[in-house]
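Below is one structure, written out as structure tokens, with a few remarks after it.
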Amino acid sequence: MSELFALASSGFIPIMAAIIIGYGLWVHAPIYDYFIEGAKKGLETAIDILPFLIGIFLAINCLTVSGFLGFLNTSLRPIFHLLGIPADLLPLICLRAISGSGSMMIVQSIMEATGPDSYAGRAACVMSGGCETIIYVLALYFGVTKVKRMRHALTAGIIGYATGIVVSLIVCKYL
């Protein structure tokens with residue numbers, strides 16, 4: 001079964017490209033012109049997004065280099081221990097709201113340290129899949145669309161993020 005999925009996934013993009021090109025030829029559409037127009041719009045979008053991405057990566061770097069995340073980790077460790085939550089999850093909880101790729105590296109280190117079948121390993125996987133990178137999404141989407149007032153988006157995002165963390169801890173603890 002996995003070989004069938006591997007074959008289908010490796011052939012999906014070439015087959016879709018062939019279908020699109022074939023349809024374009026069938027209806028006598030200027031395929032190359034459409035491709036160039038789409039590539040230009042894609043580059044414009046990339047240029048629009050770039051300042052926001054640089055700002056987010058700079059903020060993440062400042063948080064990690066300044067030692068703030070380490071301070072937060074040290075400060076909250078006793079509270080997490082009291083609640084029965086593995087302290088290995090602290091960096092993930094702090095960074096997942098900001099960076100998806102950075103949090104995946106933390107998930108990997110949790111897996112290496114505690115194992116995938118441990119409570120911390122299971123909770124880290126569920127958190128990485130169930131919690132959104134709210135700061136990244138808000139900065140990127142609101143910045144690109146030039147929305148100035150987020151209204152309740154940040155509050156709703158934080159509530160959803162906290163709910164995702166709590167639910168992932170409960171589900172992994174008791175199921």
Side-chain angles (χ1 to χ4, degrees), residues 1-3 5-6 9-10 12 42 45-175:
M1 187 63 148
S2 65
E3 294 151 358
F5 285 127
S9 65
S10 66
F12 182 76
T45 302
I47 290 170
D48 287 345
I49 291 173
L50 192 60
F52 301 102
L53 289 176
I54 291 171
I56 290 167
F57 290 130
L58 182 65
I60 292 167
N61 197 19
C62 287
L63 280 174
T64 54
V65 171
S66 70
F68 179 71
L69 289 178
F71 169 75
L72 197 62
N73 190 3
T74 306
S75 301
L76 294 177
R77 188 174 293 268
I79 297 169
F80 271 53
H81 181 69
L82 190 67
L83 295 173
I85 301 169
D88 294 334
L89 295 174
L90 266 166
L92 177 63
I93 291 170
C94 293
L95 195 61
R96 180 65 186 160
I98 302 168
S99 170
S101 58
S103 65
M104 291 311 284
M105 293 184 68
I106 295 172
V107 169
Q108 180 182 355
S109 69
I110 291 171
M111 292 295 156
E112 291 171 354
T114 64
D117 291 332
S118 66
Y119 173 48
R122 290 190 321 269
C125 288
V126 174
M127 278 181 205
S128 68
C131 295
E132 183 61 73
T133 54
I134 54 173
I135 306 299
Y136 176 81
V137 168
L138 290 176
L140 187 67
Y141 294 156
F142 282 99
V144 169
T145 58
K146 296 172 182 57
V147 173
K148 299 297 181 203
R149 293 187 61 218
M150 290 189 219
R151 295 194 62 194
H152 306 293
L154 180 61
T155 306
I158 291 172
I159 290 170
Y161 183 75
T163 303
I165 289 170
V166 170
V167 168
S168 65
L169 290 170
I170 292 170
V171 165
C172 292
K173 182 83 170 184
Y174 298 109
L175 294 181

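Side chains are part of it too, since the values below use all heavy atoms of this structure and drop only hydrogens, waters and symmetry mates.
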Quiz item: Nearest 0.5 Å, what's the CD1-CG distance between Ile159 and Leu154?
Solution: 10.0 Å
Quiz prompt | Sidechain-backbone polar pair: Ser75 side chain, Phe71 backbone, donor-acceptor under 3.5 Å | solution = yes
Quiz item: How would you list, by chain and number, every residue that makes a side-chain contact (heavy atoms from CB on, under 4.5 Å) with Val107, sequence neighbours excluded?
Solution: Leu92, Met111, Ala124, Ser128
Self-check item: Contact summary for Tyr119 and Pro86, nearest pair of heavy atoms
Solution: CE2-CD, 3.3 Å
Quiz item: Which pair of heavy atoms, one from Gly100 and one from Ser103, lies closest together, and at what distance?
Solution: O-OG, 2.8 Å
Practice problem: Would you list the pairs meeting side-chain hydrogen bond (donor to acceptor under 3.5 Å, both in side chains) in which at least one residue belongs to residues 131-144, sequence neighbours left out? | Solution: none
Quiz item: Would Leu169 and Leu89 count as a side chain to side chain contact (heavy atoms under 4.5 Å, CB included) if you check the C-alpha gap in whole Å, the side-chain angles of each, and the deciding distance to 0.1 Å?
Solution: CA-CA 10 Å; Leu169 290 170; Leu89 295 174; 3.7 Å; yes
Exercise. To the nearest 0.5 Å, tell me how far Ile49 CD1 sits from Ile54 CD1.
Key: 12.0 Å
Quiz prompt | Interatomic distance, Ile106 atom CD1 to Met104 atom CE [nearest 0.5 angstrom] | solution = 11.0 Å
Quiz prompt | Arg122 side chain to Cys172 backbone, donor-acceptor under 3.5 Å | solution = yes
Quiz item: Which heavy atom of Ala120 sits nearest a heavy atom of Thr114, and at what distance?
Solution: CB-OG1, 4.0 Å
Quiz item: What is the distance from atom CD1 of Ile85 to atom CD1 of Ile93, rounded to the nearest 0.5 Å?
Solution: 6.5 Å
Self-check item: Heavy-atom side-chain proximity of Ile170 to Leu175 below 4.5 angstrom
Solution: no
Quiz item: Looking only at heavy atoms, what is the nearest atom pair of Leu72 and Cys94, with distance?
Solution: CD2-SG, 3.4 Å
Self-check item: Donor-acceptor contact below 3.5 Å, side chain Thr155 vs main chain His152
Solution: no
Practice problem: Enter the distance from Leu95:CG to Asn73:CG here, rounded to the nearest 0.5 Å. | Solution: 11.5 Å
Quiz prompt | Which atom of Met127 lies closest to which atom of Ser168, heavy atoms considered | solution = CG-OG, 3.1 Å
Practice problem: For the pair Cys131 and Ile165, evaluate side chain to side chain contact (heavy atoms under 4.5 Å, CB included) and give the outcome as yes or no after the intermediate values. | Solution: CA-CA 7 Å; Cys131 295; Ile165 289 170; 3.9 Å; yes
